[in-house]
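Written below as structure tokens is the structure these notes are about.
Order of the sequence lines sets the chain letters (A, B, ...), proteins ahead of strands, with each chain counted from 1. When reading the values below, keep in mind they use all heavy atoms of this one structure, side chains included, and skip hydrogens, waters and symmetry mates.
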Amino acid sequence: MGECPQLRSKAKDVTPLIQEILVEVAKETPEQWQARLEAIAPELIEELSVKKEPDKGLKVLDIEVGKQVVMRFAPNPNGPPTLGSTRGIIVNSEYVKKYGGKFIIRFDDTDPQTKRPMLEAYDWYVDDCKWLGAKPDEIVIASDRIPIYYDYARKLIEMGHAYVCFCDGEDFKKFKDAKQACPHRDVSPQENLKYWDKMLSGEYEEKTAVLRIKTDIDHKDPALRDYGAFRIVKTPHPRHEVGDKYCVWPLLDFEGAIEDHELGMTHIIRGKDLMDSEKRQGYIYKYLGWQYPKTTHWGRVKMHEFGKFSTSGLRKAIEEGEYTGWEDPRLPTIRAIRRRGILPEAIRKFMIELGVGETDISISMDSLYAENRKLVDPIANRYFFVWDPVELEITGTGPCTISPALHPTEDRGCREIEVNNKVYLCKEDVEKLQAGSKLRLKDLYNVEITSLEPLQAKYLGDSMESMKKEKMRIIHWAPMDGVPVKVLSPDGEFTGIAEKQVTSELNKVVQFERFGFCRIDAVGEDVVAYFTHK
RNA sequence: GCUCCGAUAGUGUAGCACGGCCAAUCAUACAGGACUCUCACUCCUGCGACUCGGGUUCGAAUCCCGAUCGGAGCACCA
């Protein structure tokens, strides 16, 4: 019926026929159905066994033929990029890659005061973009382009679409809520130009004047009534190239509106919180005769593991010493994630898998870890690391050297461990032992515990068979010549002893058996490792 | 208060523009099993969802109305 719409009018006639047939079919067994189906339509059976594979990845973009796709990621560099930023970086850049367009990073750093840019963050953003495989084709800094915004402001004033408003914030809100024009709205363009020039020359104090874009003052949505485009800020900008050059700064809706057009943006993908921006900026586009880029929005993202975090909140916590810095493994900054050994490809996949739904979501790092684990597992060498170490003395055997494989399935060679008559065990494992417990020290030999205080055991032989037969627990251990290791993880610090060969794994991700993956971050007096994930 | 979005398994996600092929996809989590000298990896199996109520229709996850819940905007923040 889907294929032949003209049959739809007969739908009612079909129902009783189907009923009849169903009664017939119900009399037979599933085996008979199978046989019958094979006889009349074998291709349907095949179809049943074929798994449906819906196309993965991002939805297709609505593109105009013959037009190069231009997209952007537009952060305010008032803190380091976080996992949240990666969504903007990856989704936008991925589309650009897919359609062979241009990817721009634009720093919306037009607030020298409340969201004051952080100088180091500019480089961090660019650097992290590159690391994520999203090297920007162009870098734009809004604070370098203030004169452009001034030009358009002047143009809009001349056209009578913008005015300098001297209302106090609260007064204006009253007018706005009552759908009433404030006294400054109907001043002539000539007069407004005079006021605008005075604003620019610094004659007015902060908060005494603001340039507004005229929209519909009686629009049913209060969010769209005459919004601010420029305000006076006398705090110098942190960038020395800019400093105190300007005392009039554009607000986001204005700056973004102008730039998206100036830079030739074809598509914008951004947070749902900026949905109204499109409507507000639409007025500017209408006045200037521009075409608004195509927009897509995504909902709010919360991460189970990190809860609410704001740049300013984090900065405060770092200053107070709660965190060691922006790279503290407990933080969701890209710098921290990198340091922990999460690979960019894992983040890309994770973000693309998320898609761009408008639903607000609350996700867990588990999926990201699972993605990363698959990438890291084949390339991570295995080592023993014993946390909360307890010494075990072993009698009944002499010194030996063993050479376990660096990887259980990949051919990555071996490491060497020397054992005399003592090894370290995890306190956690020791607590489960009793005198008489038999266990397998992985890759070494079998022992039987003879005493708990002090912890002693006797050698029971190397046999794998007897270990299997007696169902001994296999635990890992560390040699006495191991190196002290400090593991920094989101759940706190672990200290212990690892095989000394880990010192050759600087900057690499290894797996500490029965503990998890870690990135070896520093090799000095002791080894510092960042916990990646289980 | 006004306005605008959204709602599919524990968590994400596909399907919704154009209603039948949906007994609803995939991933992850969880449970069981196989493999393994790691609690890792891999492989099998299982688990589990269309927010609710009306309407349109022969037929609704899909269209319409309402309710509920969640989020956002109404800044001289981005």
Quick one: which of B:rC39, B:rC2, B:rA78 gets closest to the side chain of A:R514?
-> B:rC39

Nearest-nucleotide pick for A:K115, side chain only, options being B:rU38, B:rA78, B:rG73 | B:rA78

In whole angstroms, the gap separating P of B:rA72 from CZ of A:R280 amounts to 15 Å

Hey, does the side chain of A:E94 reach the backbone of A:I352 with a donor-acceptor pair shorter than 3.5 angstrom?
-> no

Nearest-angstrom distance from the residue atom CZ of A:F384 to C1' of B:rU38 | 8 Å

Quick one: is A:R225 getting a side-chain N or O under 4.0 Å of the B:rU3 phosphate, OP1 or OP2?
-> no

Distance, rounded to the nearest Å, where A:L58 contributes CG and B:rA14 contributes P = 10 Å

Rounded to the nearest Å, what distance is computed from the CE atom of residue A:M464 to the C1' atom of nucleotide B:rU38?
-> 13 Å

Could you check A:K214, A:R185, A:R280, A:K176 and say which one makes a salt bridge (Lys or Arg N to Asp or Glu O under 4.0 Å) with A:D226?
-> A:R185

Return yes if the base of B:rU28 and the side-chain atoms of A:E371 contain a donor-acceptor N/O pair under 3.5 Å, otherwise no.
-> no

Taking the six-membered ring of A:F172, is the NZ or CZ of A:R212 close enough (under 6.0 Å from the centre) and on axis enough (within 45°)?
-> yes

Under 4.0 Å between a side-chain N/O of A:K279 and OP1 or OP2 of B:rU3, yes or no?
-> no

Between CG of A:D273 and P of B:rA75 the distance, given in whole Å, is 16 Å

Please report, rounded to the nearest Å, how far the P atom of B:rG10 is from the NZ atom of A:K302.
-> 17 Å

Just compare B:rU8, B:rG73, B:rA40 and give me whichever is closest to any side-chain atom of A:T359.
-> B:rU8

Would you say B:rC76 has OP1 or OP2 under 4.0 Å from some side-chain N or O of A:T208?
-> no

Syn/anti state of B:rA17 by chi, 90° boundary around 0 = syn

A:Y227 OH to B:rC77 C1', straight-line distance once rounded to whole Å | 16 Å

Distance test, side-chain N/O of A:R300 to OP1/OP2 of B:rA72, below 4.0 Å | yes

Presence of A:K220 side-chain N/O under 4.0 Å of B:rC4 phosphate oxygens OP1/OP2 = yes

Side-chain N or O of A:K374 less than 4.0 angstrom from OP1 or OP2 on B:rU28?
-> yes

